Every structure is written in C-alpha cells, then in structure tokens.
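Since we're looking at a predicted model, the values are computed, not measured. Computed from heavy atoms alone, side chains included, the values below leave out hydrogens, waters and symmetry copies. In listed order, ligands and their atoms are each counted from 1.
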Amino acid sequence: MRVARPADKAIPFDRIRAVEWENDHIKLIDQRVLPGKLEHVYVDTLGGAAEAIRLMVVRGAPAIGITAAYAVVLGARDRYRENPKNWREALKSDLDFLSAARPTAVNLRWAIERMHRLAETIDGNPVAQLLEEAQRIHSEDIAANHRIGELGAALIEPGSSVLTHCNAGALATGGYGTALGVVRAAVTSGRVFGVFANETRPWLQGSRLTAWELLQEGIPVTLTADSAAATLMRQGRIRWVIVGADRIAANGDVANKIGTYALALAARQHGVKFMVAAPISTIDLETPSGADIPIEVRAGEEVMEFAGQRTAPEGAHAWNPAFDITPAELIDAIVTENGVIEHPQARTLARLVGKKG
Ligand code: MRU
C-alpha cells in the first residue's frame, strides 16, 4: 500500500500529504487506521473539521492548523450562504468552537487568527480570498519544513544515528515534516544512516505513523519501546534526539508529545544532543513559560486498552496527559525556517521570531 503522489524532483522523499483541498472538501488521511489501511476522510463543514481534529483523524500541530485554515473557508462559505450581511458575526462563534478542538498545539489558534484577520477585511463573498489564504498557509508550511530540514541536517555529524519520538513528519504537517524533515534531509545528504523511532505510547504515533511514513519513502527505521531510549543512549548508539513541538513558550520551554521530557533528561545524562524542529508558527511569545501551556489530558481508555482490547483490570484508573514540557535548558537547538538557535533563551527566541527567514 503506497501513496501514489509522484516524488518532487527537487526534494527527495516528499510525497505524502495528510491534508489536501479537493473539490471544495478537505481531504484527510485517516490517521486512526494507519498503518493497516490507507483511507481518506472528506470533510465539508467547519464542524466536521473540528470533529476530525478532536478525534485525531488529523493530528500534529501544523497539520491541525492547516486543517483549521481550510475549515474557516468552509465555515465562512456556509455563514455567507445563510446571511450575506452578517456572516462574520456568526462565524466568530464557529471560530471559538474550532479553536477548542485541541488545546495544546498553538498552530490551531495561530491559523484561525490569521484567517480571521483576513475575514475582517473582506467585502462580499469571502470564499475565494479565504481559500487563497488557507492554501498560502499550507504551502508556506511545506516550504518552512524544507528549510528546517536543510538547517537541522547541517547540525548532524555525517554517519550518525538519531532517535525521534511521536510523529513530526509529513503526516503531522503540510508535508515533509519538521523532525522527519530533518531526518529526510539528513538521509539525503548522507549524514544520517540509522533512524530509531520510539513507538510512543499510548496512541502509537511512532510505530503506526512514523514507521509507516518513513517506509513509504524507502527510509529504513528501527522501532524501540519508549522505555528502551535511555539504554540506546547509554550504549552510544545515537548522536541526536530530534522531535517536533506543539508549542514553544517565550522562554524556550517546549510542549511536545508525552515522553519528550524524559528523552531530554536521558539525552543530557548521556551526552546525546537534543533538537527541536518546528516552524515559527509554533512559537507562542504570548505564553511566558511551559508552566502556562495548557496540556490536553485524554481518555484513560487509551492507556488501559491496546488496539481496542482491554489490557488493564476492571477498576484500574489511568492518567493520560498527551503532552509534557521540556525545559529550555535541556534543549541544544531549536531549528526553524528563520534559522537555528542553540541553548534557547527568551531574548534569542524573540529575535528569531522577528527575523526574516
Ligand atoms: O497528539 P498528537 O499526535 O497531535 O501529537 C503530535 C506531536 O506531539 C508532534 O510532535 C507535534 O505536534 C509536532 S508535529 C510537526
């Protein structure tokens, strides 16, 4: 089962698109059923897009933001049809509803605010202009990832092996990926020859999505139980941990998939470098520190079941935070399309956001 899209001639390993706009619909790869089935879900209302985000048909911070941008087009189309004079009023509460679909990834809010700012300026039917903006958000994200890949790969010593966590790949973005963009670029340039992927309990983004995505591109991958990471580091088998981010606070603290913090602690202990790859849209200068980032807590069933099969005894309870905070001092490099900062601090991060890429 392979993705049919022809490879971009200029950029190797860039074939997968999790989100597409097709015939007035949002077309999403259904990430709940990978790797067993490659199926698409077609969404044609703003409410349907919010549901797809909530249920994790589409997930990963930038992919959520892009889906939301297209959702604003659908919402504006429907509100304009209902009431061409006051569509903006009705859309406002739709946008609040959409924003609440998942709380941690700031790209959701970022994309909605960008679309809303444009909507405020439009006279007449808003669809064409909003669609253009959503497509711009989408193509900018892909271009950012190509640049992140290039910049991140340049930090890696030739002949290295790396470890990634969750899925920060094409499936989580407009295309190419952030952490997996770095992996793709580093494999292309011969810097990386071995990729380890944590399975990423409990939703298994690593084994279900990262392994699938890399194998689609012909990049070999070795899966590890999350709990094997420290031993892998102790044995000197990896040089870098490379992860994405759901939100980077103003002081450089990073929210990412649960387990990222433990990896950063183990990496520091073993002299392994720790890289966060993310677009500028993931940096939230309005959130002072990691302590201020809302962390989504998901249903306990995700922990107590495996592939729909109960694995915990009746009566057990589970705590299931979907993300954790890695403090800035454990991060060696943040790689964005605007450039790289080593050992992030509030001052350097703010400068990076203000810089032209
Ligand atoms: O719960 P998910 O699968 O949406 O979590 C995704 C992650 O934590 C990713 O690492 C992050 O969104 C960055 S994706 C480029």
Side-chain angles (χ1 to χ4, degrees), residues 16-19 28-32 34 52-68 101-111 138 140-142 144-149 152 163-184 197-210 212-213 226 241-248 254-264 274-284 290 293-299 302-303 320-326 331 334-337:
I16 297 165
R17 295 290 179 266
V19 185
L28 301 169
I29 292 183
D30 188 346
Q31 302 195 30
R32 297 168 304 176
L34 283 173
I53 292 169
R54 202 179 59 75
L55 296 176
M56 292 174 67
V57 172
V58 60
R59 32 66 51 202
I64 291 172
I66 292 160
T67 303
R102 289 194 77 189
T104 305
V106 75
N107 304 62
L108 176 62
R109 192 189 77 199
W110 172 87
H138 194 168
E140 283 173 10
D141 186 67
I142 298 170
N145 292 339
H146 291 157
R147 183 73 182 133
I148 288 168
L163 170 68
T164 190
H165 188 63
C166 192
N167 172 268
L171 288 169
T173 61
Y176 200 67
T178 54
L180 292 191
V182 174
V183 167
R184 282 178 162 92
N198 267 347
E199 63 171 350
T200 318
R201 286 279 295 148
W203 212 75
L204 302 179
Q205 286 92 335
S207 58
R208 297 196 308 100
L209 308 179
T210 293
W212 179 84
E213 170 174 337
D226 300 349
V241 174
I242 310 174
V243 296
D246 281 80
R247 193 185 298 220
I248 301 175
V254 167
N256 192 51
K257 180 53 53 196
I258 190 75
T260 303
Y261 173 41
L263 285 178
F274 194 88
M275 183 192 305
V276 175
I280 291 291
S281 55
T282 301
I283 300 175
D284 178 10
I293 299 177
I295 299 292
E296 176 183 9
V297 177
R298 295 183 61 83
E302 286 183 357
V303 176
N320 184 19
F323 303 97
D324 60 23
I325 302 296
T326 299
I331 297 167
I334 293 183
V335 180
T336 73
E337 69 274 30

Colleague: Using only atom types and a distance under 3.5 Å, with no angle test, would you say the side chain of His165 pairs donor to acceptor with the backbone of Asn256?
Modeller: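 Not a single qualifying donor-acceptor pair exists.
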Colleague: Looking only at distances, please establish whether an N/O atom of ligand 1 is found under 3.5 Å from an N/O atom of Gly244.
Modeller: no
Colleague: Is any side-chain heavy atom of Asn198 closer than 4.5 Å to a side-chain heavy atom of Thr164?
Modeller: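 No - every pair of side-chain heavy atoms lies 4.5 Å or more apart.
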Colleague: Under 3.5 Å between any N/O of Arg59 and any N/O of ligand 1: does that happen in this structure?
Modeller: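 The answer is yes, given that Arg59 and ligand 1 share an N or O pair closer than 3.5 Å.
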Colleague: Run the contact test for Ala322 against ligand 1 with a 4.0 Å cut-off on heavy atoms, strictly below, and give the result.
Modeller: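 It does not; every heavy atom stays at 4.0 Å or beyond.
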Colleague: Non-hydrogen atoms of Thr173 versus ligand 1: any pair closer than 4.0 Å?
Modeller: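 Yes, that is the case, since the closest heavy atom of the residue is under 4.0 Å from the ligand.
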Colleague: Any chance the side chains of Thr104 and Asp246 put a donor and an acceptor closer than 3.5 Å?
Modeller: no
Colleague: Charged N to carboxylate O below 4.0 Å: is that the case for Arg201 and Glu199?
Modeller: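 So Arg201 does not pair with Glu199 through a salt bridge.
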Colleague: What do you reckon, does Arg102 have a nitrogen or oxygen under 3.5 Å from a nitrogen or oxygen of ligand 1?
Modeller: yes
Colleague: Under 4.0 Å, heavy-atom basis, I'd like to know which part of Ala245 is in contact with ligand 1: side chain, backbone, both or neither.
Modeller: backbone
Colleague: Quick one: are Arg298 and Arg102 in side-chain contact, heavy atoms under 4.5 Å?
Modeller: yes
Colleague: So, 4.0 Å and heavy atoms of Gln31: is ligand 1 close enough to count as a contact?
Modeller: no
Colleague: Report, in ascending order of atom number, the atoms of ligand 1 lying under 4.0 Å from any heavy atom of Ala168.
Modeller: 14 (S), 15 (C)
Colleague: Answer yes if the side chains of Asn107 and Ser281 hold a donor-acceptor pair under 3.5 Å, and no otherwise.
Modeller: yes
Colleague: Could you tell me whether the side chain of Asp284 and the main chain of Ile248 form a donor-acceptor pair under 3.5 Å?
Modeller: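 Not confirmed, Asp284 side chain does not pair with Ile248 backbone.
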Colleague: Donor-acceptor check, side chain of Asn320 to backbone of Val303, threshold 3.5 angstrom: yes or no?
Modeller: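 No, the answer is negative, given that no donor and acceptor are paired below the 3.5 Å cut-off.
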Colleague: Distance under 4.0 Å to a non-hydrogen atom of Lys257: what atoms of ligand 1 satisfy this?
Modeller: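 So the atoms of ligand 1 that pass are 1 (O), 2 (P), 5 (O), 8 (O).
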Colleague: Strictly distance-based, threshold 3.5 Å: is any side-chain N or O of Thr200 a donor or acceptor partner for the main-chain N or O of Cys166?
Modeller: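 Yes, because the side chain of Thr200 sits within donor-acceptor range (under 3.5 Å) of the backbone of Cys166.
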Colleague: For atom 12 (O) of ligand 1, grab the closest protein heavy atom and report residue, atom and distance to one decimal in Å.
Modeller: Ala61 N, 2.9 Å
Colleague: To the nearest 0.1 Å, how far is atom 14 (S) of ligand 1 from its closest protein heavy atom, and which atom is that?
Modeller: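 Protein heavy atom with the smallest distance to atom 14 (S) of ligand 1: Ala172 CB, 3.5 Å.
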Colleague: Quickly, which of Gln31, Arg208, Gln205, Glu213 forms a side chain to side chain donor-acceptor pair (under 3.5 Å) with Asn167? Name it, please.
Modeller: Glu213
Colleague: Does Gln205 approach ligand 1 within less than 4.0 angstrom via side chain, backbone, both or neither, non-hydrogen atoms only?
Modeller: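 Side chain only.
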Colleague: Taking N or O atoms only and a 3.5 Å limit, does Asn256 qualify as a polar contact for ligand 1?
Modeller: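 Yes, since at least one N or O of Asn256 sits under 3.5 Å from an N or O of ligand 1.
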Colleague: Look at atom 15 (C) of ligand 1 and say which protein heavy atom is nearest, naming residue and atom and giving the distance to 0.1 Å.
Modeller: Thr178 OG1, 3.2 Å
Colleague: Does some non-hydrogen atom of Cys166 fall short of 4.0 Å from ligand 1?
Modeller: yes
Colleague: Which atoms of ligand 1 have any heavy atom of Met56 under 4.0 Å away?
Modeller: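 Checking each atom against Met56, I get 1 (O), 3 (O).
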Colleague: With a 4.5 Å cut-off on side-chain heavy atoms, are Phe323 and Ile295 touching?
Modeller: yes
Colleague: Give yes if a backbone or side-chain nitrogen or oxygen of Phe323 is under 3.5 Å from a nitrogen or oxygen of ligand 1, and no if not.
Modeller: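 N/O-N/O distance below 3.5 Å does not exist for this pair.
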Colleague: Between Thr67 and Ala63 (side chain of the first, backbone of the second, donor and acceptor by atom type, cut-off under 3.5 Å), is there such a pair?
Modeller: yes
Colleague: For atom 7 (C) of ligand 1, what's the nearest protein heavy-atom neighbour? Residue, atom name and distance, please.
Modeller: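 Looking only at protein heavy atoms, the one closest to atom 7 (C) of ligand 1 is Asp246 OD1, 3.2 Å.
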Colleague: Decide whether the shortest distance between a heavy atom of Trp203 and an atom of ligand 1 is less than 4.0 Å.
Modeller: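 Distance cut 4.0 Å: Trp203 fails for ligand 1.
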